[in-house]
Amino acid sequence: MTAEVSDALLNALKSAQSAAALTGAGISAESGIETFRGENGLWNRFKPEELANVDAFLRNPDLVWAWYAYRKRVIHQSGPNAAHRALVELEALIPDWTTITQNVDDLHRRAGSRNVAELHGNITRNYCYECGARCDDDTLPEENNAPHCSKCGGLVRPDVVWFGELLPADAWEKAEDAARRADVFFSIGTSAVVYPAASLPLIAKRHGAYVVEVNMDATPLTGLADETIIGAAGEILPVIVDKFREMKAGRG
Ligand code: APR
């Protein structure tokens, strides 16, 4: 399938000084990492309230740690896909580019994206729930039980944002600033239902951005975006980059 890239999008990219992308679990799906809400989604098999929140962690730290250890193993065995690499190329082609991600899988950084705002943290980092000391993976014993901090003996938790927790202020500020100044704003592989991340495309649109959604399914953003391209990010984004590159070279 060759995705159709609209002239409107190509013209918006051609004149863009600033652009950004908000990504969700869908951009990592082609890397073999499950999404949350699809038919095989993580939330279909597990209950977020039993795993992705502080109460669940304090109630059953070993269960929550084992779930994240499973997700770390899946991520460690996977790698960036063509969609992640397409965003690295867009970062090189547009003067001011920000990759904003809801994902904790570290795949944008592994793909080579440089200016990244991680709204929901990063599963490769951990910290002590008691004293806050960083306890990254390579300093922890390989085991499924929740490890304990070498400094205070407290429980070690993944450095991810759980339901009910605040987003890292610096990441949110970077993301909101990028949305406000974007001439083009992509929403990629996200169901656009979790706030405040889902407000970013709307902020961008309110500040004059051309908002493009690339997603396998329609979402609440679909009626509000300037353009929605339904399909796999790993197929669509490389076509957008190729067409944009051709146009910049005066061949398009
Ligand atoms: N290409 C593009 N889109 C895809 C692909 C693909 N290959 N595969 C799936 N999708 C789309 C699905 O259609 C769906 O709309 O990706 C979206 C994934 O949605 P969710 O599973 O809800 O994931 P996400 O939007 O990232 O969830 C947001 O919710 O549970 C919290 O913290 C968690 O960061 C997560 C947040």
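We count ligands from 1, going down the list as the structure has it; atoms in each ligand are counted the same way.
None of L9, L87, T23 except one satisfies the side-chain contact (heavy atoms from CB on, under 4.5 Å) rule with F186; the exception is L9. Test V212, T98, I100 against F185 for side-chain contact (heavy atoms from CB on, under 4.5 Å) and you get one pass: I100.
In this structure, CG in L90 is found 7.5 Å from CG in L237, a value given to the nearest 0.5 Å.
Residue-to-ligand polar distances place M216 within reach of ligand 1: an N/O pair is separated by less than 3.5 Å. Between A25 and ligand 1, a contact under 3.5 Å exists for at least one N or O pair. Between F36 and ligand 1, at least one pair of N/O atoms sits closer than 3.5 Å. Taking only nitrogen or oxygen atoms, main chain and side chain alike, N103 does not reach within less than 3.5 Å of ligand 1.
Contacts between T190 and ligand 1 below 4.0 angstrom, taking non-hydrogen atoms only, involve backbone and side chain alike. Heavy atoms of F163 found under 4.0 angstrom from ligand 1 belong exclusively to the side chain. Contacts with ligand 1 closer than 4.0 Å are made by heavy atoms of both the backbone and the side chain of R37.
For atom 30 (O) of ligand 1, the nearest protein heavy atom (residue, atom name, distance) is W43 NE1, 2.8 Å. Of the protein's non-hydrogen atoms, N215 ND2, 2.9 Å is the one closest to atom 15 (O) of ligand 1. Among all protein heavy atoms, the one lying closest to atom 6 (C) of ligand 1 is G26 O, 3.3 Å. Looking only at heavy atoms of the protein, atom 28 (C) of ligand 1 is closest to Q102 OE1, 3.4 Å. Of the protein's non-hydrogen atoms, H120 ND1, 2.9 Å is the one closest to atom 34 (O) of ligand 1.
When only modelled atom types and interatomic distance are considered, T222 and E213 share a side-chain donor-acceptor pair under 3.5 Å. A side-chain donor from one of D106 and N122 sits under 3.5 Å from a side-chain acceptor of the other.
A salt bridge links R45 with E34; the closest basic N to acidic carboxylate O contact falls under 4.0 Å. The pair R110-D105 fails the salt-bridge criterion, with no side-chain N (NZ, NE, NH1 or NH2) lying under 4.0 Å from an Asp/Glu carboxylate O. Between R157 and E165 there is a salt bridge, with a side-chain nitrogen of the basic residue lying less than 4.0 Å from a carboxylate oxygen of the acidic one.
Proximity to A233 (heavy-atom distance under 4.0 Å) selects the following atoms of ligand 1: 1 (N), 2 (C), 6 (C). Near A29, with a cut-off below 4.0 Å to any heavy atom, the atoms of ligand 1 are 8 (N). For ligand 1, the atoms closer than 4.0 angstrom to any heavy atom of G189 are 3 (N), 16 (O), 17 (C), 18 (C). Heavy-atom proximity to E30, at under 4.0 Å, picks out these atoms of ligand 1: 1 (N), 6 (C), 7 (N). For ligand 1, the atoms sitting less than 4.0 Å from at least one non-hydrogen atom of D217 are 12 (C), 13 (O), numbered in the order shown with element in parentheses. Near G24, meaning under 4.0 Å from any of its heavy atoms, are these atoms of ligand 1: 26 (O).
Counting non-hydrogen atoms of neighbouring residues, nucleotides and ligands closer than 6.0 angstrom, the OH atom of Y129 reaches no more than 12 such neighbours.
Of the candidates V194, D105, L119, it is V194 that places a heavy atom closest to atom 36 (C) of ligand 1.
Side-chain atoms of K72 come within 3.5 Å of backbone N or O of I123 as a donor-acceptor pair.
In this structure, A146 and L155 approach most closely via the heavy-atom pair CB-CD2, 3.9 Å.
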Check: Is there a salt bridge (Lys or Arg N to Asp or Glu O under 4.0 Å) between E176 and R180 once you walk through the steps?
Finding: CA-CA 6 Å; E176 197 174 25; R180 287 177 194 277; 3.2 Å; yes
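Distances shorter than 4.0 angstrom occur between a heavy atom of G231 and an atom of ligand 1.
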